Q: 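Have a look at this one before I ask anything.
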Amino acid sequence: VSNSQLALAAAAWDVRGVRKVLDEHGTAWPYLLRLVRPYHALSDDDAKREIKRAIYAAIFGMSKRGVGYLLRERLSTGAATPFLTDSVVADLFSARDRALAAVESRGGAEDCFGNWYCARPADPTHRAHKVRSALAATMQAAELQLLLPVVEDARREATNVRPLYRIVGWMHDGFVVKPRHSPDQVAERLRRLVDAEARRLGVPATLECKSL
């Protein structure tokens with residue numbers, strides 16, 4: 001799923017800056033890459049990998065200081081400031097901090113499947129870690145929820161004598177399928193399923209399909 005965690009954060013935390021970029025461009029990576037392009041000598045593919053690392057770290061609870069360290073280490077000393085001071089990135093951090101504060105206030109978080117993640121450990125020095133872990137668990141569950149229509153469709157297909165496809169690999173934000181025939185037809189079928197679920201959930205994301 002394209003920009004899956006960013007899109008889920010935009011929906012769950014009402015990150016308007018991120019949603020605006022995704023709604024207008026369909027992806028946030030070109031926007032984010034432009035922020036740091038003058039400050040490193042990497043290819044766009046390599047820089048995108050590091051930007052993804054920084055964004056996921058931010059979503060899952062890393063401090064601005066920690067994200068800045070990642071950027072300075074992976075890109076250059078000058079890359080952190082334009083990235084962290086950008087209004088869209090600042091919106092993401094602010095929304096993330098509000099989400100963490102809500103988890104801490106409630107003593108935990110409930111994911112979209114009704115599972116509860118306690119964030120009040122016996123040792124209070126572990127509380128910050130537990131709060132971050134609880135928030136991350138809810139976001140990972142939301143990622144799975146987005147892809148469940150594919151799992152259900154694959155389960156139905158598996159009951160056929162000659163299933164159209166089967167899932168042969170699973171990742172956090174996607175999957176690998178082996179089609180019996182008509183790979184383009186299978187790709188379009190699965191894209192429609194995920195995109196419909198994204199619309200239902202209000203998540204500005206779409207399924208990207210690639211041939212291996």
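These values consider heavy atoms only, across backbone and side chains, with no hydrogens, waters or symmetry-generated copies. Remember, it's a predicted structure, so these values are computed and weren't measured experimentally.
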Q: CG/Asp86 to CG/Leu32 distance, rounded to the nearest 0.5 angstrom?
A: 7.5 Å

Q: Would a distance-only check, ignoring hydrogens and angles, find a side-chain to backbone donor-acceptor pair under 3.5 Å from Ser76 to Tyr39?
A: yes

Q: Would a single hydrophobic cluster contain both Phe113 and Leu146, if residues Ile, Leu, Val, Met, Phe, Trp and Tyr are joined by side-chain heavy-atom contacts under 4.5 Å?
A: yes

Q: Any luck finding a side-chain donor-acceptor pair between Asp123 and Thr125 under 3.5 Å?
A: yes

Q: Give a yes or no on whether the backbone of Asp91 and the side-chain of Ser94 come within a donor-acceptor separation of less than 3.5 Å.
A: no

Q: Do any N or O atoms from the side chain of Asp111 and from the backbone of Asn115 form a donor-acceptor pair under 3.5 angstrom?
A: yes

Q: Output the distance between atom CG (Leu71) and atom NE2 (His40), rounded to the nearest 0.5 Å.
A: 10.0 Å

Q: Taking all heavy atoms of Cys118 and all of Lys130, pick out the closest pair and write down the distance.
A: O-CD, 4.1 Å

Q: Any chance you could lay out the side chain to side chain contact (heavy atoms under 4.5 Å, CB included) test for Leu35 and Val89, step after step, and finish with the verdict?
A: CA-CA 10 Å; Leu35 299 177; Val89 177; 4.3 Å; yes

Q: Check step by step if side chain to side chain contact (heavy atoms under 4.5 Å, CB included) holds for Phe93 and Lys64.
A: CA-CA 8 Å; Phe93 269 103; Lys64 274 191 176 183; 3.6 Å; yes

Q: Less than 4.0 Å between a side-chain N and a carboxylate O, is that true for Asp46 and Arg49?
A: yes

Q: Answer yes when Arg155 and Glu152 have at least one side-chain N-carboxylate O distance shorter than 4.0 Å, and no when they do not.
A: no

Q: Which pair of heavy atoms, one from Leu22 and one from Ala7, lies closest together, and at what distance?
A: CD1-CA, 3.7 Å

Q: Any chance NE2 of His25 has more than 12 other-residue heavy atoms, nucleotides or ligands included, within less than 6.0 Å?
A: yes

Q: So among Arg191, Arg192, Arg189, Arg166, which one has a salt bridge (charged side-chain N to carboxylate O under 4.0 Å, His left out) with Asp153?
A: Arg189

Q: Could you tell me the separation between the OG atom of Ser4 and the CD atom of Gln140, rounded to the nearest 0.5 Å?
A: 10.5 Å

Q: Using a strict cut-off of less than 4.0 Å between a Lys/Arg side-chain nitrogen and an Asp/Glu carboxylate oxygen, indicate whether Asp44 and Arg37 qualify as a salt bridge.
A: yes

Q: If hydrophobic clusters are built from ILVMFWY residues whose side chains come within less than 4.5 Å, do Tyr117 and Leu144 share one?
A: no

Q: Would you say that more than 12 heavy atoms from the other residues, nucleotides or ligands in this model lie under 6.0 Å from the CZ of Arg180, or not?
A: yes

Q: State, to 0.1 Å, how close Phe60 and Ala136 come at their nearest heavy-atom pair, and which atoms those are.
A: CD2-CB, 3.5 Å

Q: Quick one: CD1 on Ile51 to CZ on Arg74, what's the gap to the nearest 0.5 Å?
A: 12.5 Å

Q: Any donor and acceptor pair, going by atom type alone, linking the side chain of Arg72 with main-chain N or O of Ala80 inside 3.5 Å?
A: no

Q: How many angstroms lie between CG in Leu33 and NZ in Lys48, if you round to the nearest 0.5 Å?
A: 7.5 Å

Q: Do Thr206 side-chain atoms and Asp195 backbone N/O form a donor-acceptor pair below 3.5 Å?
A: no

Q: Assign the ring pair Phe175 / Trp170 to parallel, tilted or perpendicular, where the plane angle (0 to 90°) is split at 30° and 60°.
A: parallel

Q: Between Val194 and Val150, which heavy-atom pair has the shortest distance, and what is it?
A: CG2-CG2, 3.5 Å

Q: For Arg127 and Val131, run side chain to side chain contact (heavy atoms under 4.5 Å, CB included): C-alpha distance rounded to whole Å, both residues' side-chain angles, the deciding distance at 0.1 Å, then the answer.
A: CA-CA 6 Å; Arg127 180 172 296 175; Val131 168; 4.1 Å; yes

Q: Indicate the atoms forming the closest heavy-atom contact of Trp13 with Arg98, along with that distance.
A: O-NH2, 4.4 Å

Q: Check Pro204 against Ala11 and note the closest heavy-atom contact, atom names and distance.
A: CD-CB, 4.4 Å

Q: According to a 4.5 Å side-chain heavy-atom criterion applied to Ile, Leu, Val, Met, Phe, Trp and Tyr, with indirect links allowed, do Leu75 and Leu70 form part of one hydrophobic cluster?
A: yes

Q: Would you say Leu148 and Val186 are hydrophobically clustered, going by side-chain heavy atoms of ILVMFWY under 4.5 Å?
A: yes

Q: Output, in order, the C-alpha distance, side-chain angles, deciding distance and verdict of side chain to side chain contact (heavy atoms under 4.5 Å, CB included) for Leu147 and Glu197.
A: CA-CA 8 Å; Leu147 297 175; Glu197 184 70 355; over 6 Å; no

Q: Would you check if Leu6 and Val15 make a side-chain contact, meaning some heavy-atom pair closer than 4.5 Å?
A: no

Q: Between NZ of Lys20 and OH of Tyr31, what distance do you get to the nearest 0.5 Å?
A: 8.5 Å

Q: Output yes when a side-chain donor or acceptor of Glu157 lies under 3.5 Å from a complementary backbone atom of Leu164, and no otherwise.
A: yes

Q: Flag yes if Phe83 and Met62 sit in one hydrophobic cluster, no otherwise; membership is Ile, Leu, Val, Met, Phe, Trp, Tyr, and two members link when side-chain heavy atoms are under 4.5 Å apart.
A: yes

